[in-house]
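Computed from heavy atoms alone, side chains included, the values below leave out hydrogens, waters and symmetry copies.
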Amino acid sequence: MTQNTLIQRSLARVWHPCTQMHDHASGELPLIAIVRAEGAWLEDAGGKRYLDAVSSWWTNLWGHRHPDIVAALKNQLDTLDHVIFAGFTHEPAVQLAEQLCARSGLDRCFFTDNGSSAVEAALKMSFHYWQNVGKPAKRKFVALTNSYHGETLGALAVGGPSMYRDTYAPLLLEPMFAPSPDCYERGPGESWEDHTRRAFSHLQLLLEQHAHEISAIIIEPLVQCAGGMRMYHPIYLTLLRQACDHFGVHLIADEIAVGFGRTGSFFACEQAPPASYGKGLPGGITPDFMCLSKGITGGTLPLAVVLAREHIYQAFYADYAAHKAFLHSHSYTGNPLACRVALASLELFGEGNALAANRLMAQHLWKQTHSLRSHPHVAEVRQTGMILAVEMVQRTGSKTPYPASERRGLIAYRHALSKGVVLRPLGNVLYLMPPYVLTLKEAEMLCEVLCEAVDVATRGAP
Ligand SMILES: *Cc1c(COP(=O)(O)O)cnc(C)c1O
C-alpha cells in the first residue's frame with residue numbers, strides 16, 4: 001500500500017532522470033520505491049530485496065551505509081556542515097586534496113559537485129590555460145567516438161553517443177572526433193593491442209594536422225562506460241600521453257566512472273604499459289587533468305574534483321590585475337560532509353587490500369559467467385577489473401545487433417528484478433559493476449541471474 005502510494009505520488013510530481021516517464025505510467029518499466037539499503041542490497045516498500053549490481057549508477061564502492069562512512073558523516077555533521085569555499089578552507093577538503101594528489105601524481109585539486117561540472121571545469125581550465133600563456137588559437141577539443149562525459153552542454157558536446165547528443169546538437173561546441181579504440185570493433189583474429197594501436201594512428205594523424213588549434217583531448221581511460229562498457233587495450237594511454245607531450249596538447253582523463261578501483265587498479269591510468277615493454281620500467285601515465293566523481297564518496301554524497309598539474313595552475317597564478325584567475329565556482333564546492341565521507345572511503349582501500357580482493361572477485365565473476373561465452377546470442381563477454389559486460393546480438397558471427405526497438409535489455413532488466421537483482425542494461429549490453437563487498441554467495445547469485453536474464457532476453461521474438 002505505502003509502496004503504491006509512493007509510486008503514484010512520484011509519478012504525479014517527480015520527473016525522473018534519463019527516463020521516458022510514459023514507460024513508468026504504462027507499466028512497461030516498473031518504478032520501485034526504495035525505503036532502505038544495506039551492504040549490496042536495496043529494499044523496497046513492500047519488503048522485497050534487490051542486489052545492487054550496478055552500484056547505484058556506479059557510485060557505490062563499499063555497500064550501502066558502510067558503518068565507517070556513516071560514522072564519519074555523523075561526526076562531521078557535529079562540527080561543520082558547509083561553508084563558502086572562496087576565501088575559506090577547512091580540514092576535510094585540505095586532507096582530501098592532499099590524498100588525491102598523492103594518489104594521482106597530480107598537484108592541484110579543484111572541487112566541483114558532480115561529474116559533468118568537473119568535466120566543464122577541466123575543459124574551461126584547458127582553454128583558459130592557452131589564453132593565459134598566449135596561445136589563444138588552441139581552442140578546440142578532441143574526443144573519442146562513443147565516449148560519454150556528462151550531460152551539461154560542454155560535457156555533452158565532447159560525448160559521442162548520438163542518443164544523448166543529437167537533440168541538442170545545435171547548442172553544442174563542435175569537437176573533433178577520433179575513432180574509439182573500442183575492441184569490440186576489432187577485426188577477426190586481430191588482437192586487442194593491434195586494434196587499439198590501429199585506432200590510435202587516426203588520432204596521431206589528427207594531431208599532426210591540427211595540434212596548433214587543439215586545446216585538449218578528453219578520454220575515458222580503458223572503458224567507455226555509458227557507451228556500452230566498451231573496452232580497449234591500455235597501450236592507447238601510453239601512446240596518447242607521448243603524443244600529447246610531443247604535440248603540446250592537454251590530456252584530460254575522465255576517471256569519473258573508472259576511478260577508485262573499478263578497473264583493478266586505483267586509477268585506470270595506472271595500467272598504461274611502459275613505452276617500450278622493457279623490464280623494470282614503471283608503467284602508468286599522469287594526465288594533465290583528471291576528473292573524479294561517482295565513487296569518490298563511496299556512493300554516499302555528491303562530490304567531484306578536477307586534479308591538475310602544477311604548470312597549469314601556475315599559468316593562472318599572477319597579480320590580480322593580470323586577470324588570469326579561474327573565476328569558476330559552484331555553491332556546494334568542497335562541501336565538508338562530502339569531503340569527510342570521501343576520506344573515510346579512501347581509508348577503506350587500506351594498503352591495497354581492497355584492490356587485491358577486487359582482483360579475486362573479478363576472477364570469480366569471470367568464471368561464474370563462463371557459459372555465456374558460448375551462448376548463441378552473445379557476441380562477447382568482456383571484462384576490465386570489476387566491470388563485466390555481455391553483448392547480446394541477433395547473430396554472433398556477423399555481430400548483428402538486435403533492433404533497438406525490440407528493447408531486449410528491458411526484458412533482461414525486468415527478469416532480473418523479478419529475481420531480486422538490479423541490472424540496468426545499456427541497450428543490448430548487460431553488465432555487472434557491483435559494490436566491492438559482495439560475498440561469494442552474492443556473486444554466484446548475481447552471475448546466475450545474469451545468465452538467466454540473457455537467456456530470457458534472447459529467446460525468440462520479444
Ligand atoms: C557519469 C559520468 C559523467 C557525469 O557525471 P555526473 O555526476 O552524472 O554529472 C562524466 N563522465 C563519465 C565517464 C561518467 O561515467
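- Ionic pairing of Glu43 and Arg49 is not present here: no N-O contact between side-chain nitrogen and carboxylate oxygen is shorter than 4.0 angstrom.
- Between the side chains of Ser147 and Gln224, no donor-acceptor pair of N or O atoms lies under 3.5 Å.
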Quiz prompt | Phe349/Trp62 under ring-ring contact (aromatic ring centres under 6.0 Å, His included): CA gap, chis, key distance, verdict | solution = CA-CA 10 Å; Phe349 278 94; Trp62 313 109; 4.9 Å; yes
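- Arg382 and Glu391 are joined by a salt bridge, as a carboxylate oxygen and a charged side-chain nitrogen come within less than 4.0 angstrom of each other.
- The closest donor-acceptor contact from the side chain of Lys399 to the backbone of Gln394 lies at 3.5 Å or more, if one exists at all.
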Self-check item: Verdict with reasoning, Ser56 to Asp52, per side-chain hydrogen bond (donor to acceptor under 3.5 Å, both in side chains)
Solution: CA-CA 7 Å; Ser56 287; Asp52 188 358; 2.7 Å; yes
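- Side-chain rings of His64 and His66 stay apart, their centers remaining 6.0 Å or farther from each other.
- Aromatic ring orientation, His377 versus Tyr402: tilted (interplanar angle from 30° to 60°).
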Practice problem: Let me see the working for Ser126 and His250 under side-chain hydrogen bond (donor to acceptor under 3.5 Å, both in side chains), right down to the final yes or no. | Solution: CA-CA 7 Å; Ser126 173; His250 293 147; 2.8 Å; yes
Exercise. Report the C-alpha distance between Asp44 and Tyr50 in whole Å, list the side-chain angles of each, state the deciding distance to 0.1 Å, and finish with yes or no for side-chain hydrogen bond (donor to acceptor under 3.5 Å, both in side chains).
Key: CA-CA 8 Å; Asp44 76 12; Tyr50 307 86; 2.9 Å; yes
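- A side-chain donor-acceptor contact under 3.5 Å links Thr196 to the backbone of His233.
- For residues 61-73, the pairs satisfying salt bridge (charged side-chain N to carboxylate O under 4.0 Å, His left out) are Glu38-Arg65, with sequence neighbours left out.
- Between the Arg230 side chain and the Val223 main chain, no donor and acceptor come within less than 3.5 Å of each other.
- Between His195 and Tyr232, the side chains place no donor N or O within less than 3.5 Å of an acceptor N or O (distance only, hydrogens not considered).
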